[in-house]
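For reference, the structure discussed in these notes is given below.
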Amino acid sequence: MSNAAILLGVEWGKLILLLGGTLIVTVALVGGGAYLFLRVFASIMNSRRDSWESSAEKLGLFVDRSATAIYKPFSVEVNGRKFTVSHYGVMRGEHSVDDHAAVEMMMDGEVRFSFEIEKPESILLDLFSAAQPETGHDIFDKAFKVSSTDTVRLNQMLHIEMFGGESPTVLTDLLLAAKRFNRVKATGRSITLGVRCDFGRS
């Protein structure tokens, strides 16, 4: 074997070692960076989760540990009526989400007909939603998506005066709630209200 061939083999060996070393260093840097990123991300998420759950402790609510969500729901029973608090996000921009909390209150008894009244959280969702029965009240029909198996009974329920006439009708109360809360939903089983939340405040 000539000296030129030996030198060429040595140069190739050096090149392979250099490439191998560069690859190992690159993998180590990327892996280390990914590990550090995951540690920081996990620390932030754990801090937010702990802040969310501390609200439950301050308010005397039970945290549902069996839930798979990062922000586990809370619940409490007051005078035989169950309340549930859950977390949800609302898109603020392309890469940002605002934290919200929804409070669901279970009704004492189920209504004899099926209905769902919901404030649209997205204009696009509202545009592509299926046709719905109208109640005949323009302002109400524009503010809510409504579905019901009995529109006549639904209208009767919407006109009931709460607390013996000392408070507005159900219809008026829902319209007022829609102005104040991000999420408003009423069914024959429960009522849900959602509002933007700050994890640092109960």
Side-chain angles (χ1 to χ4, degrees), residues 52 55-56 59-64 66-69 71-93 97-198 201-202:
W52 167 256
S55 293
L59 297 170
L61 306 178
F62 170 76
V63 180
D64 183 3
S66 64
T68 56
Y71 306 116
K72 301 187 183 306
F74 317 145
S75 62
V76 67
E77 195 168 301
V78 180
N79 298 326
R81 185 173 293 171
K82 185 179 179 183
F83 291 82
T84 304
V85 181
S86 57
H87 173 274
Y88 69 100
V90 173
M91 292 297 294
R92 180 178 54 190
V97 176
D98 287 330
D99 295 304
H100 284 67
V103 179
E104 181 181 27
M105 180 192 75
M106 303 306 293
M107 303 289 257
D108 284 337
E110 290 192 23
V111 180
R112 292 184 180 180
F113 64 99
S114 174
F115 73 90
E116 186 172 296
I117 300 168
E118 186 172 13
K119 174 187 174 183
E121 292 177 27
S122 165
I123 295 173
L124 286 177
L125 286 176
D126 188 33
L127 288 174
F128 291 106
S129 64
Q132 60 185 36
E134 295 184 356
T135 63
H137 305 280
D138 291 340
I139 297 174
F140 186 84
D141 290 331
K142 287 176 183 175
F144 292 97
K145 291 188 297 181
V146 181
S147 62
S148 175
T149 56
D150 193 332
T151 308
V152 174
R153 280 188 173 182
L154 177 66
N155 268 316
Q156 290 173 348
M157 184 196 76
L158 289 172
H159 285 87
I160 293 174
E161 291 186 353
M162 298 183 293
F163 308 111
E166 296 175 11
S167 186
T169 61
V170 174
L171 183 145
T172 306
D173 212 44
L174 285 169
L175 285 171
L176 292 172
K179 291 181 179 180
R180 182 176 178 189
F181 298 100
N182 167 269
R183 176 176 289 179
V184 179
K185 183 177 180 179
T187 69
R189 297 181 64 252
S190 67
I191 295 175
T192 305
L193 299 175
V195 67
R196 185 172 176 178
C197 68
D198 178 358
R201 299 174 58 194
S202 301

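The figures here come from the full heavy-atom set of this structure, side chains too, leaving out hydrogens, waters and symmetry mates.
At distances below 3.5 Å, not a single donor-acceptor pair connects side-chain atoms of Lys142 with backbone N or O atoms of Ile139. The backbone N or O of Arg81 lies less than 3.5 Å from no partner atom in the side chain of Asn79, so there is not a single donor-acceptor pair.
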Applying side chain to side chain contact (heavy atoms under 4.5 Å, CB included) to Phe181 and Lys119, what does each step give before you reach the verdict? CA-CA 9 Å; Phe181 298 100; Lys119 174 187 174 183; 5.9 Å; no
Test Asp64 against Ser66 for side chain to side chain donor-acceptor pair (under 3.5 Å), laying out the working first. CA-CA 6 Å; Asp64 183 3; Ser66 64; 2.5 Å; yes
Check the pair Glu118, Arg183 against side chain to side chain contact (heavy atoms under 4.5 Å, CB included), reporting the backbone distance first and the verdict last. CA-CA 8 Å; Glu118 186 172 13; Arg183 176 176 289 179; 5.6 Å; no
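Asn182 is not listed as a side-chain neighbour of Leu193, based on a closest heavy-atom distance of 4.5 Å or more. In this structure, Ser148 and Glu116 have side chains that are not in contact, with every pair of non-hydrogen atoms separated by 4.5 Å or more.
Within the model, atoms OG of Ser190 and CE of Met106 stand 5.0 Å from one another, a figure rounded to the nearest 0.5 Å. We find the OG1-CZ distance between Thr151 and Phe113 to be 9.0 Å, quoted to the nearest 0.5 Å. Atom NZ in Lys145 sits 9.0 Å away from atom NZ in Lys185 (nearest 0.5 Å). Here the NE2 atom belonging to His100 is positioned 5.0 Å from the OH atom belonging to Tyr88, to the nearest 0.5 angstrom. With rounding to the nearest 0.5 Å, the separation of CZ in Phe62 from CD in Glu77 is 12.5 Å.
Tested against Leu158 for a side-chain contact (heavy atoms from CB on, under 4.5 Å), the candidates Val146, Thr172, Thr169, Leu174 yield a single pass: Leu174.
Ring-plane geometry between His87 and Trp52 is classed as perpendicular, the angle between the planes exceeding 60 degrees on a 0 to 90 degree scale with a lower cut at 30.
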